[in-house]
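For reference, the structure discussed in these notes is given below.
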Amino acid sequence: MVKKTFSLLLLVFLATAGVSLVFGWGFWAHQRINKAAVFSLPDSMRTFFYNHIDFITEEAVMPDVRIYAINYKQEVNRHFIDLELLERKGEAMPATLPEAIKKYGDSLVQKAGILPWYIEEITGKLTTAFKEKNRPYILFQAADLAHYLGDAHVPLHTTVNHDGDMTGQKGIHSFWESQLPESVGNNINFYTRPARYIADIKKETWRIINESHTLVDSLLLADKALKARFPAADLYQKDSAGNIQKNRYNQTRYSYTYAQQYNQLLNGMIERQIRKSVSSVGDFWYTAWVNAGSPDLRGMDAAAVTNRNRKAYKKDIRNWKKGQLFGFKNGVEF
């Protein structure tokens with residue numbers, strides 16, 4: 001497939017990221033979600049996306065890079081929505097960002113986060129890129145949109161208690177979305193249904209957000225229940241001197257045993273949310289393409305590129321149908 005040099009910004013990010021990192025999924029999950037979603041597309045789209053699958057995969061984390069490597073402040077609140085700050089009994093959430101700002105005030109909306117409204121905005125930009133057959137914009141917008149959709153499937157990105165600070169569970173954010181997928185992800189089946197057309201983008205976006213939010217209490221309560229009976233001395237990974245280990249971002253490493261038992265209590269929640277993310281990404285990409293008039297993407301790459309990728313394309317599809325993904329170059333966070 002088309003080879004892409006690993007993003008310089010991503011390397012800077014890995015070298016300079018600080019102690020307060022909060023991702024929406026970690027690198028491990030975001031990249032696999034993007035890659036798997038390519039295979040869920042119809043043939044009329046999949047060949048083009050496959051020709052650029054390295055870019056789509058590696059760029060999965062670029063919205064996070066914009067926050068932590070280049071301090072792009074406008075990026076921060078695109079990744080979450082603290083529903084508790086905006087919900088009012090019996091009232092529907094505003095349909096658009098301007099309506100939300102009019103109802104709640106700009107400062108509160110910016111504090112609460114704009115994730116669902118931004119998903120709609122990027123979907124519109126991707127649709128425009130398809131209409132114009134603008135290859136760079138299609139790829140950038142598709143990779144970005146996939147990131148925010150992935151974030152929308154992380155329950156802790158829908159609550160003001162995003163890192164467990166309010167319930168004495170600080171650190172659960174990175175544990176749930178990064179360490180757990182890395183610990184149990186080898187058994188995830190990435191073979192999902194074909195991409196489907198979304199009749200109502202707004203309705204589907206809020207369905208995802210609200211469904212994710214219903215899982216917040218379950219994952220927090222499971223952690224509390226397990227910690228209440230789990231041997232405290234075995235809760236974290238330790239070095240030979242007995243010191244608790246941390247990753248490169250200064251995040252505490254939970255023990256493998258704790259991660260396994262917590263995953264069992266979650267009863268497949270991690271895999272379900274990752275698989276739902278894959279399906280949603282494919283659905284939104286496909287819908288943007290259809291809404292753009294289903295433009296022919298076959299001529300956007302040189303025939304030689306498609307021909308060169310044909311053998312790998314067939315092999316990767318066969319592997320995906322077995323639920324497997326290959327070809328990831330970067331390391332893990334935990």
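Keep in mind it's a predicted model, so treat the numbers as computed, not measured. Residue numbers start at 1 and run along the sequence shown.
Checking side-chain atoms of S277 against main-chain N and O of H153 turns up no donor-acceptor pair under 3.5 Å. When atom types are taken as modelled, the side chain of D200 and the backbone of K202 share a donor-acceptor pair closer than 3.5 angstrom. Remark: side-chain polar atoms of E271 are paired, donor with acceptor, to backbone N or O of N189 under 3.5 angstrom. For the pair Q169 (side chain) and L220 (backbone), a donor-acceptor distance under 3.5 Å is present. The backbone N or O of A36 lies less than 3.5 Å from no partner atom in the side chain of S40, so there is not a single donor-acceptor pair. Remark: the backbone N or O of L325 is not paired with any side-chain donor or acceptor of N319 at under 3.5 angstrom. A donor-acceptor contact shorter than 3.5 Å is absent between the side chain of K276 and the backbone of G150. Distance alone, capped at 3.5 Å, is enough to place a donor-acceptor pair between the N307 side chain and the A303 backbone. At least one donor-acceptor pair closer than 3.5 Å links the side chain of D239 to the backbone N or O of G242.
Note that CG of D151 is 12.0 Å distant from CD1 of I208, once rounded to the nearest 0.5 Å. Interatomic distance, Q324 CD to D316 CG, rounded to the nearest 0.5 Å: 11.0 Å. Separation of atoms CD (E333) and CD (E182) is listed at 5.5 Å; rounding is to 0.5 Å. If you take CD on E204 and CD1 on I198, they are separated by 5.0 Å, rounding to the nearest 0.5 Å. Atom-to-atom distance recorded for I317:CD1 and F39:CZ is 6.5 Å, nearest 0.5 angstrom. Between the CG atom of L180 and the CE atom of M269 there is a distance of 10.5 Å, given to the nearest 0.5 Å.
Considering all non-hydrogen atoms of both residues, M45 and L297 come closest at CA-CD1, 4.0 Å. Pairing each heavy atom of Q251 with each of S174, the nearest pair is NE2-CB, 3.5 Å. Shown here for G282 and A195, the closest heavy-atom pair between the two residues is O-CB, 3.4 Å. Between P155 and L219, the closest heavy-atom pair is CB-CD2, 3.6 Å. Between W289 and P295, the closest heavy-atom pair is NE1-O, 2.8 Å. For the pair P63 and H79, the tightest heavy-atom approach, listed with the atom from each and the gap, is CB-CE1, 3.5 Å.
One hydrophobic cluster holds both L156 and W28 under the rule that ILVMFWY side chains link at heavy-atom gaps under 4.5 Å. No chain of hydrophobic side-chain contacts below 4.5 Å, direct or via other Ile, Leu, Val, Met, Phe, Trp or Tyr residues, connects F175 to L221. Hydrophobic clustering (side-chain heavy atoms under 4.5 Å, transitive across Ile, Leu, Val, Met, Phe, Trp, Tyr) keeps F326 apart from I56. With hydrophobic clusters built from ILVMFWY side chains whose heavy atoms lie under 4.5 angstrom apart, Y256 does not share a cluster with I270. Hydrophobic clustering (side-chain heavy atoms under 4.5 Å, transitive across Ile, Leu, Val, Met, Phe, Trp, Tyr) keeps I33 apart from F334.
Within the 4.5 Å cutoff, no side-chain heavy atoms of I81 are placed close to those of H157. No side-chain heavy atom of R253 sits under 4.5 Å from any side-chain heavy atom of I244. Considering only heavy atoms from C-beta on, L145 stays 4.5 Å or farther from V281 through its side chain. Side-chain contact between V160 and M166 is present, with at least one heavy-atom pair separated by less than 4.5 Å. With a 4.5 Å cut-off on side-chain heavy atoms, K238 and N243 do not count as touching. The shortest side-chain heavy-atom distance between Y50 and T306 does not fall under the 4.5 Å cut-off. Within the 4.5 Å cutoff, no side-chain heavy atoms of Y286 are placed close to those of P194. In this structure, F284 and Y148 have side chains that are not in contact, with every pair of non-hydrogen atoms separated by 4.5 Å or more.
Side chains of T159 and E84: a donor on one and an acceptor on the other come within 3.5 Å.
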Worksheet item: Under the side-chain contact (heavy atoms from CB on, under 4.5 Å) criterion, do L41 and F48 qualify, and how do the steps go?
Response: CA-CA 10 Å; L41 297 172; F48 169 74; over 6 Å; no
Item to complete: Test side-chain contact (heavy atoms from CB on, under 4.5 Å) on V305 and N309 and set out the steps.
Response: CA-CA 6 Å; V305 172; N309 291 336; 3.7 Å; yes
Worksheet entry | Working for side-chain hydrogen bond (donor to acceptor under 3.5 Å, both in side chains), residues N161 and T167 | CA-CA 8 Å; N161 191 23; T167 49; 3.2 Å; yes
Discussion item. Applying side-chain hydrogen bond (donor to acceptor under 3.5 Å, both in side chains) to Y118 and N77, what does each step give before you reach the verdict?
Written reply: CA-CA 9 Å; Y118 199 65; N77 62 3; over 6 Å; no
Discussion item. For a side-chain contact (heavy atoms from CB on, under 4.5 Å) check, start with the C-alpha distance between W176 and L266, then their side-chain angles and the critical distance, and finish with the verdict.
Written reply: CA-CA 10 Å; W176 192 93; L266 293 179; 3.6 Å; yes
Discussion item. Show, in sequence, the C-alpha distance, side-chain angles and deciding distance for Y313 and R46, and conclude whether the side-chain hydrogen bond (donor to acceptor under 3.5 Å, both in side chains) test is met.
Written reply: CA-CA 10 Å; Y313 173 79; R46 186 162 55 190; 3.2 Å; yes
Worksheet item: Between D234 and T257, is a side-chain hydrogen bond (donor to acceptor under 3.5 Å, both in side chains) present by the stated rule, with each step listed?
Response: CA-CA 8 Å; D234 300 328; T257 301; over 6 Å; no
Fill in: Criterion side-chain contact (heavy atoms from CB on, under 4.5 Å) on T205 and W117, from CA distance to verdict
CA-CA 8 Å; T205 301; W117 299 297; over 6 Å; no
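Not counting sequence neighbours, the partners of L235 by the side chain to side chain contact (heavy atoms under 4.5 Å, CB included) test are K227, F230, Y254, Y258. Residues forming a salt bridge (Lys or Arg N to Asp or Glu O under 4.0 Å) with R193 (at least two apart in sequence, or on another chain): D283.
No more than 12 heavy-atom neighbours from other residues, nucleotides or ligands sit within 6.0 angstrom of CZ on R298. With a 6.0 Å radius and a threshold of 12 heavy atoms from other residues, nucleotides or ligands, K321 has its NZ atom at or below the threshold. Crowding of K103 atom NZ: a count of heavy atoms from other residues, nucleotides or ligands under 6.0 Å exceeding 12.
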Would you mind writing out the side-chain donor-acceptor pairs for residues 134-142 within the sub-3.5 Å range, not counting sequence neighbours?
{"residue": "N134", "atom": "OD1", "partner": "Y137", "partner atom": "N", "Å": "3.3"}
{"residue": "R135", "atom": "NH1", "partner": "M300", "partner atom": "O", "Å": "3.1"}
{"residue": "R135", "atom": "NH1", "partner": "D301", "partner atom": "OD1", "Å": "2.8"}

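At least one test fails for R318 against the ring of W320: distance under 6.0 Å to the centre or angle within 45° of the axis. With a 6.0 Å cutoff to the six-membered ring centre and a 45° limit on the axis angle, R32 counts as a cation-pi contact of F328.
A salt bridge is defined here as a Lys NZ or Arg NE, NH1 or NH2 lying under 4.0 Å from an Asp or Glu carboxylate O, and E99 with K102 fails to meet this definition. Salt-bridge annotation for R78 and D144: absent, with no side-chain N of the basic residue lying under 4.0 Å from a carboxylate O of the acidic one.
Checked against a 6.0 Å centroid threshold, the rings of W285 and F49 count as neighbours.
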